[in-house]
Amino acid sequence: MTQRATNGISDLVSFLDSSPSPWHAVASSVARLTASGFQQLNEADAWQHVGDGFVVRGAALVAWRSSTSSSATSPFHIVGAHTDSPCLRVKPRPDGGGFGWRQLGVEVYGGALLNSWLDRDLGVAGRVVLRNGSAVDVAVHEPIARVPQLAIHLDRDVNDKGLLLDKQQHLAPVWGTGAAADGDFANWLGAQANVSPADIAWWDLCLFDTTKAALLGSDRSMLASARLDNQLSCWAAVDALTSAAASETTSVIALFDHEEVGSESASGASGPLLSTVLERLSALRGANREGFHRALANSSCISADNAHAVHPNYPERHEPGHRPLVNCGPAIKVNANQRYATNAETAAAFQRACERADVPWQVFVSRNNMPCGSTIGPLTATALGIPTVDVGVPQLSMHSARELCGALDPIYLARALSAYFSE
Ligand SMILES: [Zn+2]
């Protein structure tokens, strides 16, 4: 690995470790953007700043790098990704338990691999909103809770018949011993957030695996971490935006929330966040409504979300000839039924960006007898009418509490995105 790649991976590791919730993924992105001179704008203000900037809405972020030579109808080069990952969320009234255990009520967020949450030492992170309406982001990077698996002696068939988990019955973590009392969790949370428990109104809180991201293997060629899907792509988008050379186009990254639950929200890819920001950027440069649509007509989008690498123990689950390998570059994701937005033209454009960046690329197609996942690409393409390609770093264990990918691929992705922005 080159020195630049080594630095990149250690920055990605620090991004992952400091982003245990989607709100923290936004904060980690903001820190990097601010350090590169990007200015935060408020959606409620009148915008006058035409330089590099960003807006934050909930756990979503849109950032842009304007070229001084760009005109009112300059196209946008957009990279989309998502900040959220499947996890367990703390319910509003979580205090419960029995038989000498204090337990937390949790709700499953997204399509989590439930078994992967068992027997892990879990921390708590997310957003706390106070009675006065102000919000505080909290991350407790200590083992607070654990979902204990049933002993094999009490579940004799588990290895032969598989593990069945009832989401309501079997996922409540223990987080203390003794009798549970209403207000336990709020009292603990107040102490962690440095606020009076009486001031806490509501929260959006995730449980997360406190194990740090790690390079794995005798050759350190793998990266294991929580939330690789899709904080890896968020990191690559931010890295590409802050490192891209100036160009005629306006480079934009859109890091959406709620992809794992269908994207239909104010801060999700099906909402108006991206189109609103693009329209305001056009207006800022003096474009009227027609000018905005002229800008869109020449724009393009790369939707970056991880792909499935071929699993060595299950190669038959993958389509022959379209099985992405780790450390062989980002995969272009193709689905004729438009579960991915890729078409021949957008795929060829991404291929050219990879070639300019001297980055290898691969292709992913699902088997006809396997349902194909989807992502934000078709949603933004539908909303904006912008040609879009879906791409992603190949990984294993997607939606596990701890996922695995190649250590080189995030660097390849960032370089390809940077080349796209520099066109
Ligand atoms: Zn994803």
Side-chain angles (χ1 to χ4, degrees), residues 12 15-16 19-26 28-29 59-61 78-89 108-114 116-117 206 208-209 213 223-238 253-265 267-271 273-274 301-309 311 324 326 330-335 338-342 362 364-366 370-381 388-406 409-410 413-414 417:
L12 170 57
F15 188 100
L16 293 162
S19 307
S21 81
W23 296 273
H24 290 87
V26 167
S28 300
S29 305
L61 172 146
I78 303 161
V79 170
H82 66 89
T83 58
D84 62 319
S85 305
C87 66
L88 303 177
R89 296 273 175 111
V108 179
Y109 177 85
L113 270 176
L114 298 179
S116 71
W117 285 85
C206 312
F208 67 95
D209 184 359
L223 172 65
S225 173
R227 304 174 300 279
L228 289 174
D229 172 17
N230 189 25
Q231 290 185 1
L232 184 162
S233 305
C234 293
W235 170 84
V238 171
I253 63 170
L255 312 181
F256 296 106
D257 194 9
H258 297 140
E259 191 273 345
E260 301 293 356
V261 294
S263 294
E264 293 191 337
S265 76
S267 48
S270 287
L273 174 62
L274 177 59
C301 177
I302 296 175
S303 158
D305 196 357
N306 291 358
H308 299 295
H311 194 304
V326 288
I332 298 172
K333 303 196 274 184
V334 176
N335 180 265
Q338 295 299 298
R339 301 285 291 165
Y340 299 130
T342 309
Q362 325 180 58
F364 173 79
V365 182
S366 281
M370 291 264 182
C372 179
S374 191
T375 178
I376 57 175
L379 305 175
T380 50
T388 298
V389 59
D390 273 296
V391 307
V393 161
Q395 67 158 103
L396 297 186
S397 315
M398 191 177 283
H399 290 190
S400 166
R402 192 166 175 83
E403 303 173 320
L404 186 70
C405 70
D409 291 322
L413 177 66
L417 297 180

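First listed ligand is number 1; within each ligand, the first listed atom is number 1. Basis for what follows: all heavy atoms, side chains included, without hydrogens, waters or symmetry-related copies.
The count of protein N, O or S atoms under 2.8 Å from the Zn ion (ligand 1) stands at 4, with waters excluded from the count.
A donor and an acceptor atom, one from each side chain of E260 and H399, are located under 3.5 Å apart. For the residue pair H82 and D257, no side-chain donor N or O sits within less than 3.5 Å of a side-chain acceptor on the partner.
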Item checked: Evaluation steps, side-chain hydrogen bond (donor to acceptor under 3.5 Å, both in side chains), between H258 and S265 -> CA-CA 7 Å; H258 297 140; S265 76; 2.5 Å; yes

Next item on the list: Would you check, one step at a time, whether the test side-chain contact (heavy atoms from CB on, under 4.5 Å) holds for N306 with N230?
Entry: CA-CA 6 Å; N306 291 358; N230 189 25; 3.7 Å; yes

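Ring-plane geometry between Y340 and F364 is classed as perpendicular, the angle between the planes exceeding 60 degrees on a 0 to 90 degree scale with a lower cut at 30.
Between F256 and T83 the shortest side-chain heavy-atom distance does not fall below 4.5 Å.
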